[in-house]
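Only one structure is covered here, and it is reproduced in the block below.
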There are 2 protein chains.
Amino acid sequence: MALQETKEPVRGMLRNAGLRPTRQRLALAGILFAKGDRHVTAELLHEEALANGVPVSLATVYNTLHQFTGAGLLREVAVEGSKTYFDTNTSNHYHFFSERDGVLMDIPVGKLAVDGLPSPPAGMEVSRIDVLVRLVDKKSG
Amino acid sequence: MALQETKEPVRGMLRNAGLRPTRQRLALAGILFAKGDRHVTAELLHEEALANGVPVSLATVYNTLHQFTGAGLLREVAVEGSKTYFDTNTSNHYHFFSERDGVLMDIPVGKLAVDGLPSPPAGMEVSRIDVLVRLVDKKSG
DNA sequence: ATTTGTGCAAATCGTTTGCATCTGA
DNA sequence: TCAGATGCAAACGATTTGCACAAAT
């Protein structure tokens with residue numbers, strides 16, 4: 001029963017999500033969920049996979065990210081035009097975004113609250129609230 | 001002194017922003033700032049300009065939107081991957097976003113408040129807080 | 001006259017897709 | 001076996017850029 005302990009939880013995670021635990025998916029999931037919460041772009045994850053000796057194609061990285069998102073394992077974060085960020089923390093929380101280096105960081109849960117939300121237009125309901133706190137270098141003065 | 005009253009304020013607005021009041025810029029600014037707050041994409045504005053008999057090129061629309069943004073006349077709103085939205089309301093406020101039809105709406109100022117913001121990482125300061133309330137169709141049930 | 005803006009088409013960037021090949025159950 | 005996954009390269013949509021022409025000061 002004591003197989004490769006690092007990979008087993010990941011395998012189950014994929015199974016539960018109805019995704020075949022393929023080489024690539026196991027590797028990508030391993031990278032994503034190994035060390036706490038992460039915020040990656042497809043390109044970043046692709047590079048990291050290659051660096052770890054897992055020769056996935058960029059297309060597969062995209063496919064995988066979207067499948068994981070669809071399965072509720074990841075969450076997309078809208079930051080700005082082009083690049084899409086994926087967040088391994090799918091619980092309700094908000095973000096800091098460093099405009100200097102394009103890095104996303106979680107804002108500790110429970111600290112930040114949004115109050116006074118007016119009711120949405122008729123026939124619609126809130127699906128999610130995104131809060132992005134944009135950061136810039138403090139102007140030393 | 002009583003010239004074309006509709007265009008004069010726009011002309012001054014551009015002058016103050018250090019932008020030459022060209023035909024296209026006047027036309028685009030006219031469309032953008034004429035009737036209250038608006039949320040446009042480059043493509044939308046382009047179509048609207050053409051419909052109003054102003055044959056601007058899409059490239060110029062992009063240039064203009066960015067120049068206006070740089071001059072503080074517009075604000076960019078990050079919604080999701082691809083399209084970039086520009087908002088004529090540059091004051092501090094937040095948005096509803098209808099995922100059904102891709103429409104942005106202002107949330108009345110003063111109603112919504114963000115509390116409990118933790119202090120940003122050392123050397124950084126908050127430049128702006130974006131709040132996007134995503135809406136979906138209420139599931140009739 | 002000189003500087004700045006404009007239009008077009010080609011180039012770029014992130015992302016998606018079609019299709020032949022491979023792989024896990 | 002065989003549905004589902006992968007890789008590649010071509011296709012894509014939004015945005016940008018290079019350069020010749022036009023317009024504003």
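Chain naming here is simple, since letters A, B, ... match the order of the sequence lines and numbering starts at 1 in each.
In this structure, A:H66 reaches the sugar-phosphate backbone alone: every heavy-atom distance under 4.0 Å involves primed, P, OP1 or OP2 atoms, never a base.
Interatomic distance, A:H39 NE2 to A:R75 CZ, rounded to the nearest 0.5 Å: 9.0 Å. Atom CG of A:L117 sits about 5.0 Å away from atom CD1 of A:I129, to the nearest 0.5 Å.
Applying a 4.0 Å cut-off to non-hydrogen atoms, the residues of residues 15-25 of chain A that approach DNA chain C are A:R15, A:R20, A:P21, A:R23, listed by residue number. Near DNA chain C, meaning a heavy atom under 4.0 Å away, the residues from residues 48-62 of chain B are B:P55, B:V56, B:S57, B:A59, B:T60.
In this model, the phosphate group of C:dT15 is approached by a side-chain N or O of A:T84 to a distance below 4.0 Å at OP1 or OP2.
Straight-line distance from the CG atom of B:L26 to the P atom of D:dA23: 15 Å, rounded to whole Å. Across the protein-nucleic acid pair, B:K83 atom NZ and C:dT15 atom P stand 17 Å apart, rounded to whole Å. In this structure, A:H46 atom NE2 and C:dG14 atom P are separated by 13 Å, rounded to whole Å. For the pair A:E43 CD and C:dG14 P, the computed distance is 5 Å after rounding to whole Å.
A donor-acceptor pair shorter than 3.5 Å cannot be found between the side chains of B:H93 and B:D37. Defined by atom type and a distance below 3.5 Å, a donor-acceptor pair is present between the side-chain atoms of B:S98 and B:D101.
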